[in-house]
Amino acid sequence: MTEERRTTSGIPLKPVYGPDDARRLDETPGAFPFTRGIHPDMYRGRLWTMRQYAGYGTAEETNRRFRELLEAGQTGLSVAFDLPTQMGYDSDAAVAEGEVGRAGVAIDTVDDLARLFEGIPLDKVSTSMTINATAAILLAMYIVVAEERRVPRAALRGTVQNDVLKEYIARGTYIYPVEPSLRLITDIFRFVAREGMNFNPISVSGYHMREAGCTAVQEVAFTFANGLEYLDHAKAAGLDVNAIASQMSFFFAAHNDLFEEVAKFRAARRLWAKLLRERYDANDKACRLRFHTQTGGSTLTAQQPLNNVVRVAVQALAATLGGTQSLHTNAYDEALALPTAASARLALRTQQILAHESGVSHTVDPFAGSYYVEFLTDEVERRACELLDEVAQLGGAARAIEAGHFQDAIARAAYEHQRAVERGERVVVGVNEFTEDEPLPPIPAPDYSELAERQKTRLRASRAQRDPTTCDSAVAALAEAARGDTPLMELMVDAVRARATVGEISDALRAVWGTFQRRAA
């Protein structure tokens, strides 16, 4: 009797697939519903953007890494911020103690951000910022840095993640209750459109939910549920859905099940296009699903870390075969510590080898017509639709979050995965099979206490040098606007220009809106 096999999403698999298992594919790349890619020529016309994620304690250190990666051939920047910055606290806040600069770069003022991009031409480099609850503040800072370098807003290119719904679900760096957070996100949409910025005002992220333990099918469904919630709020605010959707980007994970991951990306493109057409009568440009991919951090193992080189290569291959628009490849040592310069360079080289040596860029959607991949594409789409229907019955993503729906579903999926690993039903090489005793390599780490003190000294100097009356007035005007329905981004830019800090601006909004409280267990 043949052993039963399933994908990581639990889709049961047959030993062999044939013509009866998949519908006839009569779609072409670049045409609705974009199953085969959002451009007719895909990578033959332009390779995906190679955008490595980096953030190291101080702005100067991160700037050095950015320059190294750009010199090594990286084509876009991606900023990791430390937890206090993400949570709206300054580096000298009591709650920030022990966390300054640990998970990314510490940014307190616009001058910190200026140091982060010192010597980097903002009108020539695309910048992605992984920031959510404080996204408006960091976007305002980026705009002011450009302004003070005489770079017009319309010349700026990049993405601000700005996806707070998934923070409530999986990642935890939320601040305000759901509705004020959605108001702030919608106002970023309005501002970017009004200013004519070539900037994605949101990157709707399935990645962090996947990292928390959801399946590939759940990743697609829950990401799109959030995306629809954002568009519904934009529409309710009187914004043009076609214009907003055309500037939306998405962020997915690439994990180890090569064929399911390729099918996931193809199914996601088709499903998003159908949802936009059916729900908003969106045009073709708005229906194109543009997404960034990152290889799976949660799949990296501290045991036998060099095995991660192979995992990352397989995952990057899945992303490129699936038609991603940009890609971050994790360094093999990230399960142990922040990547070294050498491991970060190897991660970038992985992408470059795929692009220039593997042949993956020679033809569009090379798996099209594979009975197996077409079956998986249909099945991922069908199962994701079922999950979307469940969210709709709860009243949409915001209500589902308040009910704990996503959180419970992801927790169950993560539990089942871990149990399968512990039972040996799911093999993780070097962890539960093919193990061997080997010492972990030494893990260099900066002196975070010294780093935090330097950042605090810098923050004190900034406060001493600014005009306190101008700064206080700008923050007060923002708080007053938050009490009503006045647009906020322009006032946010004014506060940043006056050298208000991330923590001061966040505290002003906290005083008006309060903070999100999780439901009782």
So, does T49 use its side chain to make a donor-acceptor pair with the main chain of R51 at under 3.5 Å? no

Atom pair CE (M197) and CD1 (I188), whose distance is rounded to the nearest 0.5 Å: 10.5 Å

Answer yes if the side chains of Q86 and R171 hold a donor-acceptor pair under 3.5 Å, and no otherwise. yes

Parallel, tilted or perpendicular: which one describes the rings of F252 and F250, with boundaries at 30° and 60°? parallel

Return yes if some donor-acceptor pair links the side-chain N/O of D41 with the main-chain N/O of R44 below 3.5 Å, else return no. no

Compare all side-chain heavy atoms of M141 with those of V110 and state whether any distance is below 4.5 angstrom. yes

Kindly indicate whether the side chain of F189, heavy atoms from C-beta on, has any atom under 4.5 Å from the side chain of Q247. no

Without swapping roles, check the side chain of E219 against the backbone of A253 for a donor-acceptor pair under 3.5 Å. yes

Do R497 and D494 sit within salt-bridge range, that is, some charged N less than 4.0 Å from a carboxylate O? yes

Heavy-atom closest pair (Y332 atom, S343 atom, distance to 0.1 Å) is CE2-CB, 3.6 Å

For S298, enumerate each residue passing the side-chain contact (heavy atoms from CB on, under 4.5 Å) test, keeping only those at least two apart in sequence or located in another chain. E211, H255

Once rounded to the nearest 0.5 Å, what's the spacing between atom OG1 of T35 and atom CG of L289? 11.0 Å

Shortest non-hydrogen contact from A254 toward A319: CB-CB, 4.4 Å

Inter-residue atom distance D163.CG - T130.OG1, 0.5 Å rounding: 11.0 Å

As a test of understanding, state which of V204, N226, T223 forms a side-chain contact (heavy atoms from CB on, under 4.5 Å) with K166. N226

Any ring pair (Phe, Tyr, Trp, His ring centres under 6.0 Å) involving residues 104-125? Give me the pairs, sequence neighbours left out, ordered by first then second residue. F117-Y142

Give the C-alpha distance, both sets of side-chain angles, the deciding distance and a yes or no for salt bridge (Lys or Arg N to Asp or Glu O under 4.0 Å) between R499 and E148. CA-CA 13 Å; R499 269 45 188 181; E148 294 179 352; 2.8 Å; yes

Please, which pairs that meet ring pair (Phe, Tyr, Trp, His ring centres under 6.0 Å) have at least one residue in residues 62-115, sequence neighbours excluded? none

Any salt bridge linking E68 with R64? Criterion: basic side-chain nitrogen under 4.0 Å from a carboxylate oxygen. no

Beyond-backbone contact of M492 with I137, side-chain heavy atoms, under 4.5 angstrom: yes

Is the backbone of P33 close enough, under 3.5 Å, to the side chain of R269 for a donor and an acceptor to pair up by distance? no

Identified salt bridge (charged side-chain N to carboxylate O under 4.0 Å, His left out) counterpart of D90 within the set R458, K456, R463: R463

Non-hydrogen side-chain atoms of R279 and D232 separated by less than 4.5 Å: yes

Tell me whether the centres of the aromatic rings in F265 and F291 are closer together than 6.0 Å. yes

Pairs meeting criterion salt bridge (charged side-chain N to carboxylate O under 4.0 Å, His left out) with involvement of residues 475-487, two or more places apart: E480-R483

Donor-acceptor pair, side chain of D187 and main chain of M489, under 3.5 angstrom: yes

Compute whether any side-chain donor of one residue and acceptor of the other, for R454 and T457, lie under 3.5 angstrom apart. no

CG on D281 to CZ on R277, rounded to 0.5 Å: 7.0 Å

Where do R466 and E504 land on the salt bridge (Lys or Arg N to Asp or Glu O under 4.0 Å) test, with the steps shown first? CA-CA 14 Å; R466 70 192 181 186; E504 290 163 348; 2.8 Å; yes

Between L451 and V100, what is the shortest heavy-atom contact and its length? CD2-O, 3.8 Å

Quick one: does any side-chain atom of S249 pair with a main-chain N or O of R290 as donor and acceptor, under 3.5 Å? no

Looking at V220 and A384, what are the two nearest heavy atoms and their distance? CG1-CB, 4.0 Å

Looking at L275, is its backbone amide N or carbonyl O close enough to the side chain of Y280 to form a donor-acceptor pair, meaning the two atoms are under 3.5 Å apart? no

Do the side chains of S128 and H292 get nearer than 4.5 Å, heavy atoms only? no

For residues R270 and E27, determine if any side-chain heavy atom of one lies less than 4.5 Å from a side-chain heavy atom of the other. yes

Main chain of L116, side chain of N63: is a donor-acceptor contact present, judged purely on distance under 3.5 Å? yes

To the nearest 0.5 Å, atom CD1 of I175 lies from atom OG1 of T134 at 6.0 Å

Apply side chain to side chain contact (heavy atoms under 4.5 Å, CB included) to the pair L488 and L184, showing each step before the final yes or no. CA-CA 7 Å; L488 300 176; L184 200 53; 3.7 Å; yes

So E490 and R194, salt bridge (Lys or Arg N to Asp or Glu O under 4.0 Å) or not? Walk me through it. CA-CA 11 Å; E490 288 84 354; R194 197 203 73 167; 3.0 Å; yes

Atom CG of L165 and atom OG of S181: how far apart are they, to the nearest 0.5 Å? 8.0 Å

Heavy atoms from other residues, nucleotides or ligands near CZ of R349 exceed 12 (cutoff 6.0 Å): yes

Residues pairing under ring pair (Phe, Tyr, Trp, His ring centres under 6.0 Å) where one sits in residues 462-515, two or more places apart or in two chains, turn out to be Y176-W513

Non-hydrogen atoms of T159 and S203 that approach each other most closely: CG2-CB, 3.6 Å

Report the C-alpha separation of R460 and D92 in whole Å, then their side-chain angles, then the decisive distance to 0.1 Å, and conclude whether the salt bridge (Lys or Arg N to Asp or Glu O under 4.0 Å) test is met. CA-CA 9 Å; R460 285 192 294 270; D92 60 356; over 6 Å; no

Donor-acceptor pair, side chain of N162 and main chain of I202, under 3.5 angstrom: no

Looking only at side-chain N and O atoms, does N132 offer a donor or acceptor that is under 3.5 Å from a partner on E167? yes

Which residue is it: Y174, F251, F406? I am looking for the one with a ring pair (Phe, Tyr, Trp, His ring centres under 6.0 Å) to H208. F251

Return yes when atom CZ of R149 has more than 12 non-hydrogen atoms of other residues, nucleotides or ligands closer than 6.0 Å, and no otherwise. yes

Given D123, T127, L139, V151, the one that forms side-chain contact (heavy atoms from CB on, under 4.5 Å) with L156: V151

Check R399 with E179, please: is the shortest side-chain N to carboxylate O separation under 4.0 Å? yes

If the threshold is 4.0 Å, N to carboxylate O, is there a salt bridge linking R210 and E261? yes

Once side-chain hydrogen bond (donor to acceptor under 3.5 Å, both in side chains) is applied, do any residues pair with W48, and if so which ones, sequence neighbours excluded? Q351

The single option from D112, T85, D108, T501 passing side chain to side chain donor-acceptor pair (under 3.5 Å) against S91: D108

Nearest heavy atoms of A237 and T186, plus distance in Å: CB-CG2, 3.7 Å

